[in-house]
Structure formats: C-alpha cells, structure tokens
Amino acid sequence: MNLLSILLMFGGSENGEGSQIMNFLPLILIIVVFYLFFIRPQMKKSKDQRKFRENLQKGNKVVTIGGLHGKILEITDTTVTLDVGNQVRLTFEKSAIAMDTSAQLESK
C-alpha cells in the first residue's frame, strides 16, 4: 500500500478523525516540498563548501568572495595567507575563499 491509500482509508472514518488528518495533509505536503527543494539542496551546498575549504592546499590559486585573485602561501585552521602579486601578502578567513582556479587553469 502506498501513503495515499493509507491516508484515504483514514479519511473515510465515521467519527471525524480521518477528516482531521485530511485537513493537515496540505500542510504536510508543503513541509515535504520545502525540505526537498530548499532545505536539502542548501545543506548539500554547505557540506560541499566545507569540504572544499578543508581541502585547500598551499600553492593553489584561488579567488575570494570579494573577487581578489591570489596564490595560497600559508594555511592555518581558520585563515589563509595569499600572495596577490608584487610580494604583497594578505590574510583572509577560510570562509572568504570562494573558488579554486588552479584546476580551471590546468584544463585550458
């Protein structure tokens, strides 16, 4: 039996309990849709970003969320030091690193 047939069985009871369940069915469906289309993909994206930041390595060329390009010189638990050119070194939080351009440059 599938879920719909079970819910329809409850809907046919004579004492009105089934109709109460049927009244909440649209709300339950809305919650399921929100989970499947909004919450779950956001959790996956967050997990992928965390994994990306954990796998950063010295020498990778990256772009920050502000659009600054640089090469990773040092990595600590929470910060990354970038060489942005002409011996200029800047320190950023790991959360400020948006993407790795090393792989993109190698594929060209």
Side-chain angles (χ1 to χ4, degrees):
M1 294 176 105
N2 60 19
L3 181 63
L4 184 58
S5 63
I6 293 171
L7 290 174
L8 289 175
M9 284 191 323
F10 286 120
S13 68
E14 297 175 10
N15 59 5
E17 291 178 10
S19 64
Q20 290 177 355
I21 292 174
M22 293 305 284
N23 287 339
F24 287 110
L25 184 62
L27 180 62
I28 293 168
L29 290 175
I30 289 171
I31 291 171
V32 169
V33 167
F34 265 89
Y35 176 76
L36 290 176
F37 289 105
F38 295 108
I39 298 170
R40 190 169 166 243
Q42 185 63 34
M43 288 171 43
K44 184 180 184 304
K45 183 177 178 182
S46 176
K47 183 180 176 182
D48 290 343
Q49 278 289 80
R50 184 176 54 247
K51 185 178 176 183
F52 161 72
R53 290 187 179 117
E54 288 173 356
N55 292 330
L56 288 174
Q57 298 176 356
K58 186 176 176 180
N60 286 10
K61 293 183 179 179
V62 295
V63 179
T64 66
I65 56 175
L68 188 71
H69 293 248
K71 184 177 179 181
I72 297 177
L73 294 177
E74 296 176 23
I75 299 176
T76 65
D77 290 338
T78 58
T79 62
V80 174
T81 302
L82 299 181
D83 178 18
V84 293
N86 294 333
Q87 301 296 325
V88 177
R89 294 178 178 201
L90 300 173
T91 302
F92 292 93
E93 291 291 319
K94 271 189 176 180
S95 60
I97 305 299
M99 64 183 195
D100 186 356
T101 59
S102 298
Q104 294 173 355
L105 294 175
E106 291 173 4
S107 65
K108 287 184 179 179

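Values below: all heavy atoms of this structure, side chains included; hydrogens, waters and symmetry mates excluded.
For D77, there are no salt bridge (charged side-chain N to carboxylate O under 4.0 Å, His left out) partners two or more places apart in sequence or in a different chain.
One N or O on the side chain of R53 and one on the backbone of S95 form a donor-acceptor pair closer than 3.5 Å. Formation of a donor-acceptor pair under 3.5 Å by the S102 side chain with backbone atoms of K61 is found in this model. Judged by distance alone, the side chain of T64 and the main-chain N or O of I97 form no donor-acceptor pair under 3.5 Å. D83 places a side-chain N or O within donor-acceptor distance of the main-chain N or O of G85, the cut-off being under 3.5 Å.
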For R89 and E74: C-alpha separation, side-chain torsions, deciding distance, then whether side-chain contact (heavy atoms from CB on, under 4.5 Å) applies. CA-CA 10 Å; R89 294 178 178 201; E74 296 176 23; 4.2 Å; yes

Determine, stepwise, if the pair L82 / F92 fulfils side-chain contact (heavy atoms from CB on, under 4.5 Å). CA-CA 8 Å; L82 299 181; F92 292 93; 3.7 Å; yes

Intermediate values then yes/no, side-chain contact (heavy atoms from CB on, under 4.5 Å), K94 and T78: CA-CA 6 Å; K94 271 189 176 180; T78 58; 6.0 Å; no

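Note: N60 CG to L73 CG = 11.5 Å, rounded to the nearest 0.5 Å. Note that CD1 of I30 is 12.5 Å distant from CZ of F24, once rounded to the nearest 0.5 Å.
I28 places none of its side-chain heavy atoms less than 4.5 Å from the side chain of I31. When side chains are defined from C-beta on, L68 counts as touching L90, because their heavy atoms get closer than 4.5 Å.
In terms of hydrophobic clustering, with Ile, Leu, Val, Met, Phe, Trp and Tyr side chains grouped at heavy-atom distances under 4.5 Å, V88 and V80 are assigned to a common cluster. The hydrophobic cluster containing F38 also contains Y35, counting ILVMFWY residues as joined when their side-chain heavy atoms lie under 4.5 angstrom apart, directly or transitively. Residue F52 is not grouped with residue I65 when hydrophobic side chains (ILVMFWY) are merged at heavy-atom distances under 4.5 angstrom, including chains of intermediate members. Residues V33 and L25 fall into different hydrophobic clusters, defined by Ile, Leu, Val, Met, Phe, Trp and Tyr side chains chained together at heavy-atom separations under 4.5 Å. Grouping the Ile, Leu, Val, Met, Phe, Trp and Tyr side chains by contacts below 4.5 angstrom, directly or via other members, places V62 with V84.
Each of K44, R50, K45, K51 was scored for a salt bridge (charged side-chain N to carboxylate O under 4.0 Å, His left out) with D48, with one residue passing: K44.
Taking every heavy atom of both residues into account, P41 and L36 meet most closely at CD-O, 3.5 Å. The minimum heavy-atom distance linking Q57 with I72 is given by the pair O-CD1, 3.6 Å.
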